[in-house]
Structure formats: structure tokens, C-alpha cells
Undergrad: 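One structure follows; several queries about it will come next.
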Amino acid sequence: MLKWWQERVVYQIWPRSFQDSNGDGIGDLQGIIAHLDELKDLGVGIIWLSPVYPSPNADYGYDISDYTGINPEFGTMEDMDQLIAEAAKRDIKIVMDLVINHTSDQHPWFQSSREKNSPYRDYYIWRPGRGKRPPNNWGSFFGGPAWEYDPHSGEYYLHLFAKNQPDLNYRNPKVLAEVKDILRFWLNKGIAGFRCDVINIIWKSSLENGRWRPALKGLEHYLSQEGCHRILQELRREIFDHYDCFTVGETVFVTTQMARDFLGQGELDMVFSFEHMGADELLIKWFKRRFSPKRLARALTKWQLEVPWNANYLENHDQPRSVSRFGHEGEFWEQSAKLLCVLLLTLKGTPFIYQGQEIGMTNFDYTSMEQIRDIESHNVYQLAKRLGFPPGLRWKLIKASSRDNARTPVQWNGGPNAGFTTGKPWIDVNSNYTKINMESQLNDPNSIRSFYKKMIALRRESPVLKAGDFEPVAIEESLFAFRRKLERESLLVLLNFTQAAVAAPYRGQVVISNYDRTSYGGRLEPFEAVVLREN
Ligand code: TEU
Ligand code: CA
């Protein structure tokens with residue numbers, strides 16, 4: 001028996017760039033409410049909202065200054081209640097982002113904790129330096145050291161992300177007690193679960209120096225530690241078990257073994273892994289190599305076989321657009337976007353679609369750092385400068401990997417600012433909105449958006465696509481083929497990731513194809529995807 005969160009498709013909203021309703025250039029809750037009918041029509045069953053809490057926006061919402069409030073830029077608590085109610089009317093559940101590895105440095109807890117004798121001192125990780133050097137050699141995810149000196153209290157605090165995001169101290173039981181209150185607050189409002197931000201690094205086993213690594217020295221002291229498992233077990237027992245909800249962990253550097261450990265005892269219901277994102281990366285995301293479909297297929301296959309239930313995704317607010325990365329932005333834009341749709345919706349697991357993915361939005365077309373808003377991009381640009389990278393190369397790295405690739409406003413129509421706002425958008429709209437926009441795709445039966453709708457419906461009506469076993473058939477540069485099997489039913493998925501036609505000598509009845517074919521003759525067109533019924 002599948003759970004509701006295994007049957008449904010999730011749609012991720014990054015609110016700041018979804019839809020502005022009041023002309024201030026910033027997406028908001030009323031903007032989301034205005035599009036609920038469209039999301040329902042698409043077939044969405046769950047919305048994951050990236051953070052909507054008050055935030056100074058050093059990391060656009062992932063630096064929270066009040067866990068039970070709503071960012072006034074996005075609206076009020078009444079708007080939030082309305083969103084939950086309006087979504088419920090359409091049988092759409094809302095999942096919130098839970099960011100508890102760190103808070104904002106503007107959170108009252110942290111502000112108070114800067115006083116050495118504050119009752120909040122121990123909410124964070126404060127240590128004296130080693131002479132003029134930080135307490136240890138750990139590096140931050142956003143580049144540079146993971147410690148910041150606070151002249152006010154004469155000590156350093158740990159921040160694994162930006163210096164405006166101090167890490168919480170889970171050795172202090174009061175911190176976990178606060179988290180439990182936050183969880184109850186939202187669950188009692190009718191929230192259906194949480195996407196748990198970098199949840200596998202919240203427990204620091206020691207503060208010893210890290211051994212050498214190409215990036216992120218210190219990782220071995222905080223990645224997927226026993227203490228993290230204890231915390232998640234406690235939250236499961238005391239909170240989650242008492243509600244009809246699910247959790248998906250964003251688990252960085254996670255291996256399939258670690259994933260099984262988190263799932264095995266029900267600590268988390270599923271996790272996001274990153275291995276398949278490496279299909280065009282060299283060690284770290286800033287160094288790109290040519291995209292290899294085979295590497296992508298191999299990573300996905302490994303996770304399909306070794307983990308019982310996956311959170312499947314090709315895009316989110318941290319990753320470049322999938323059609324630009326794994327598909328073809330030019331001639332085969334439409335075909336390759338649909339191919340990626342078939343891949344996402346036929347894998348075993350819960351599919352996560354990111355806003356704009358369903359219309360084939362592409363990476364940004366910016367030409368300068370001034371158009372970039374993301375703190376990570378700016379930090380890394382500065383770091384590369386200090387390391388002596390020439391300007392052309394620096395820009396190339398940012399352009400290919402910046403998170404702002406996915407954060408340009410959703411392109412609703414061909415009018416001013418793509419219909420995102422009547423004001424000045426907080427970040428530039430991609431100029432391809434006259435060609436790529438929702439309005440032009442909504443009523444076109446052959447659009448990418450219509451294809452997503454069809455694939456989501458197909459999955460909903462197909463027990464074998466939801467629950468069937470995954471069996472790899474071919475993992476090659478030009479062909480990824482796999483079977484889904486349930487009892488006597490068998491579907492064969494064929495995906496050509498190249499610009500050339502390829503032979504794929506298999507047989508079956510066509511269930512769906514991005515080339516609209518009705519019969520299959522053993523050959524796939526460029527970027528063609530076909531699902532065949534084998535019995
Ligand atoms: O991301 C964690 C993470 O490790 C990366 O995906 C991160 O975005 C970065 O690219 C590392 O190079 C989560 C959130 O999804 C992200 O938006 C936040 O900035 C981060 O945590 C901190 O809360
Ligand atoms: Ca607004």
C-alpha cells in the first residue's frame with residue numbers, strides 16, 4: 001500500500017520569483033493563491049514552499065529570523081492561512097521548508113547569544129580562536145572559513161553557510177525543544193510535512209580540524225552523524241508520528257548507505273541525493289565538465305536499486321535549469337524538456353517539479369555580476385578573484401553554476417516582465433519570455449506544459465509507474481532504458497539523450513512518446529522518449 005506522499009506529485013515554489021500580486025517586484029503568497037487552479041489542473045498534489053518566514057534575505061529565506069512568522073514581503077499569517085485553506089479545497093497539501101541547522105544572525109536568539117552570560121549563549125557554537133586563527137580549519141559551503149569572529153564577545157561562532165547563518169548547537173537540549181514547538185505550530189495549522197534543509201549536518205561530533213579535501217574541510221566531523229540519527233528518531237517519535245505528515249531530507253554528500261540508514265528506522269520518509277547532479281560536474285559544482293548521459297543514468301540507477309523510495313528531482317532553487325544542463329536549449333528545446341519530463345515521472349519515487357520546469361524555462365541570459373543576487377555566487381566570484389582566476393573564467397563559472405539560473409521570475413506571459421510583476425522585478429527576467437511562457441503553453445496540446453500534465457496523469461492512473469520495481473536495461477551515452485514491473489505488468493522506458501537518432505531494438509505498445517508516435521519501430525529520434533507496454 002502506497003502512502004499519499006508516494007502517490008502524489010510535488011511542485012516546489014520559490015516564492016520570491018513565483019508571482020508578484022502587489023507590484024513591489026517580489027513574489028508573494030497572494031501570487032501563489034492566484035495560480036492554485038493552474039497547479040491543480042497540472043495535477044499537482046503537494047506544494048513545497050521554500051521558506052516564507054521573516055528573513056533578512058542574506059540567503060533569501062534560508063536565514064530565518066522568526067520561525068513562526070511570515071515574511072512581510074510575502075504577506076501576512078492570514079494570507080498563509082488562506083493559502084493552506086485554498087489549497088486544501090483543491091486537495092493540494094502544503095509542505096514547508098524547515099531550516100534548523102542555522103538561524104539568521106538577526107534572530108533574537110543569536111543577537112542575545114552575543115552576550116557571554118546570556119541564556120542563549122549556548123544556542124550557538126562559540127569558541128575562542130587559536131591565537132589569531134579561527135578555532136579550527138573548517139570551510140564553509142559558500143567559500144571561505146566556517147568561523148566568524150565577533151569582537152563584541154571576543155569569540156568566534158560557527159557558520160557552515162554564510163556568516164549571517166550561525167549554526168545552532170544541538171548539544172543544548174533547549175534548541176531541540178524550540179524546534180519541536182516550531183514543528184507543532186505549523187503542523188497544527190494543517191501543514192502536511194517538511195522539507196528539512198541540510199538536515200544530515202546538524203550534529204557536530206567534534207570540533208577537531210578536518211583532514212584535507214578539495215572543498216569543505218571538516219565534513220567528516222558533522223556528516224550524517226549518530227547524534228543526527230538520535231535527533232531525527234526523537235522528532236519522529238514525539239512529533240511526526242502524531243500527525244499525518246511526511247518529511248523529505250535535503251541530505252548533502254549522502255551515500256546510498258546513509259540514505260538507507262535515515263529511511264530504515266523511519267527517521268525521514270525520503271531524501272534528496274546529489275549524485276546525479278554530478279553528471280556535468282568535476283568534484284565541485286563550480287567546475288563543469290561535458291554532460292554525460294551515461295553518468296546521469298548510472299547515478300540514477302544506483303539510487304533506484306539501492307534505496308527503496310527516492311525523492312526524484314532534476315531541478316530546484318539551488319541548481320541550474322535541467323533543459324540547459326541535461327537537454328538542449330536550442331533546436332531540441334521542446335523535445336529534450338519533454339524527455340526530461342518522461343525521465344522524472346517514470347522513475348520510482350516521489351517526483352518533485354520545480355517552478356518553471358513544466359514550461360521548459362532555461363538558465364538565465366545575464367551578462368554581468370550586477371544582475372546576480374545570490375550571496376553564494378558573489379562569495380565564490382570574490383574567492384576566485386583572490387585565487388587569481390581571470391575575469392572571463394570567473395564569469396564562466398558563475399554563469400554555468402549560479403543558483404540564480406533557477407531564480408529568475410516565472411514567465412507567465414509575453415507581456416511586460418513576463419507577467420511576473422507590474423513593478424520592477426527584484427531580479428531580471430530572462431529575455432526569452434516572449435518565446436517561453438505559460439500563457440502560450442496552457443492551451444497548446446503539444447506544449448511542454450501539456451506534456452507534463454499528460455505524464456502526471458499517466459503516473460496517477462498507473463500502479464506500475466507508482467509502485468513497480470525498477471530494472472535497468474541499457475545504460476549508454478546515447479540510450480538510457482529501464483523497466484518498471486508490477487506483478488505481470490511491464491513498462492519499458494527508452495530515452496535518447498543525444499542529437500542523433502539511435503537504434504533501440506525493443507518491442508511493445510506505445511503508451512506515450514514525446515514525438516507523438518503511435519507505433520515503435522526500434523529507432524529513437526533525437527532526444528526522443530518512449531514508454532512501451534511489453535505485455
Ligand atoms: O542547500 C544546501 C547545499 O548544500 C547546496 O545545495 C547549496 O545550495 C550550495 O549550492 C552549496 O554549494 C540548502 C538550501 O537548499 C540552500 O538554498 C541554502 O542556501 C542552504 O541550504 C543553506 O540553508
Ligand atoms: Ca509582492
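Counting starts at 1 for both ligands and their atoms, following the listed order. Reckoned from all heavy atoms, side chains included, excluding hydrogens, waters and symmetry mates.
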Undergrad: W426 and Y60: aromatic ring centres closer than 6.0 Å?
TA: yes

Undergrad: Return the closest protein heavy atom for atom 20 (C) of ligand 1 as residue, atom name and distance.
TA: F161 CE2, 3.8 Å

Undergrad: Would you say the side-chain atoms of Q165 pair up with the backbone N or O of H102, donor to acceptor, closer than 3.5 Å?
TA: no

Undergrad: What's the shortest distance from atom 9 (C) of ligand 1 to any protein heavy atom, and which residue and atom give it?
TA: E376 OE2, 3.0 Å

Undergrad: Under 3.5 Å, is there a donor-acceptor pair between the D63 and S104 side chains?
TA: no

Undergrad: Looking at R127 and E155, does any basic side-chain N land under 4.0 Å from a carboxylate oxygen?
TA: no

Undergrad: What do we get for Q319 next to ligand 1 when only non-hydrogen atoms under 4.0 Å count, side chain, backbone, both or neither?
TA: neither

Undergrad: So, H35 versus W412, ring centres under 6.0 angstrom or not?
TA: yes

Undergrad: Would you mind running through ligand 1 and noting each atom that sits below 4.0 Å from a heavy atom of R407?
TA: 17 (O)

Undergrad: Would you mind listing which atoms of ligand 1 come within a distance below 4.0 Å of any non-hydrogen atom of F141?
TA: 4 (O), 12 (O)

Undergrad: Taking the six-membered ring where the residue is Trp, are the ring centres of Y313 and F272 under 6.0 Å apart?
TA: yes

Undergrad: Looking only at protein heavy atoms, which one is nearest to atom 14 (C) of ligand 1, and how far off is it?
TA: D197 OD1, 3.0 Å

Undergrad: So which protein heavy atom does atom 7 (C) of ligand 1 come closest to, and at what separation?
TA: R403 NH1, 3.8 Å

Undergrad: Closer than 4.0 angstrom, basic N to acidic O: yes or no for R289 and D280?
TA: no

Undergrad: Can you tell me if F142 has a non-hydrogen atom under 4.0 Å from ligand 1?
TA: yes

Undergrad: Give the residue, atom name and distance (to 0.1 Å) of the protein heavy atom nearest atom 10 (O) of ligand 1.
TA: K285 NZ, 2.8 Å

Undergrad: Does M277 have a non-hydrogen atom less than 4.0 Å from ligand 1?
TA: no

Undergrad: Taking NZ, NE, NH1 and NH2 as the nitrogens, is one of them in D167 or K204 under 4.0 Å from a carboxylate oxygen of the other?
TA: yes

Undergrad: With ring-ring contact (aromatic ring centres under 6.0 Å, His included) as the criterion, how do H107 and Y67 come out once you've worked through the C-alpha distance, each side chain's angles and the decisive distance to 0.1 Å?
TA: CA-CA 9 Å; H107 195 293; Y67 285 88; 5.8 Å; yes

Undergrad: Within a distance under 4.0 Å of any heavy atom of H317, pick out the atoms of ligand 1 and give their elements.
TA: 14 (C), 15 (O), 16 (C), 17 (O)

Undergrad: Name the closest protein heavy atom to atom 6 (O) of ligand 1, giving the residue it belongs to and the distance to 0.1 Å.
TA: D318 OD2, 3.2 Å

Undergrad: Does the side chain of E73 come under 3.5 Å of the side chain of N57 through a donor N or O and an acceptor N or O?
TA: yes

Undergrad: Is the shortest distance from a Lys or Arg side-chain nitrogen in E234 or K180 to a carboxylate oxygen in the other one below 4.0 Å?
TA: yes

Undergrad: Is the shortest distance from a Lys or Arg side-chain nitrogen in K285 or E376 to a carboxylate oxygen in the other one below 4.0 Å?
TA: yes

Undergrad: Is the closest heavy atom of H102 to ligand 1 under 4.0 Å?
TA: yes

Undergrad: I need the nearest protein heavy-atom contact for atom 4 (O) of ligand 1: residue, atom name and distance, please.
TA: V252 CG1, 3.2 Å

Undergrad: If I only include protein atoms of type N, O or S, how many are less than 3.0 Å from the Ca ion (ligand 2)?
TA: 5

Undergrad: Name the closest protein heavy atom to atom 1 (O) of ligand 1, giving the residue it belongs to and the distance to 0.1 Å.
TA: E250 OE2, 3.0 Å

Undergrad: Among W109, F110, Y157, find the one that has a ring pair (Phe, Tyr, Trp, His ring centres under 6.0 Å) with Y124.
TA: F110

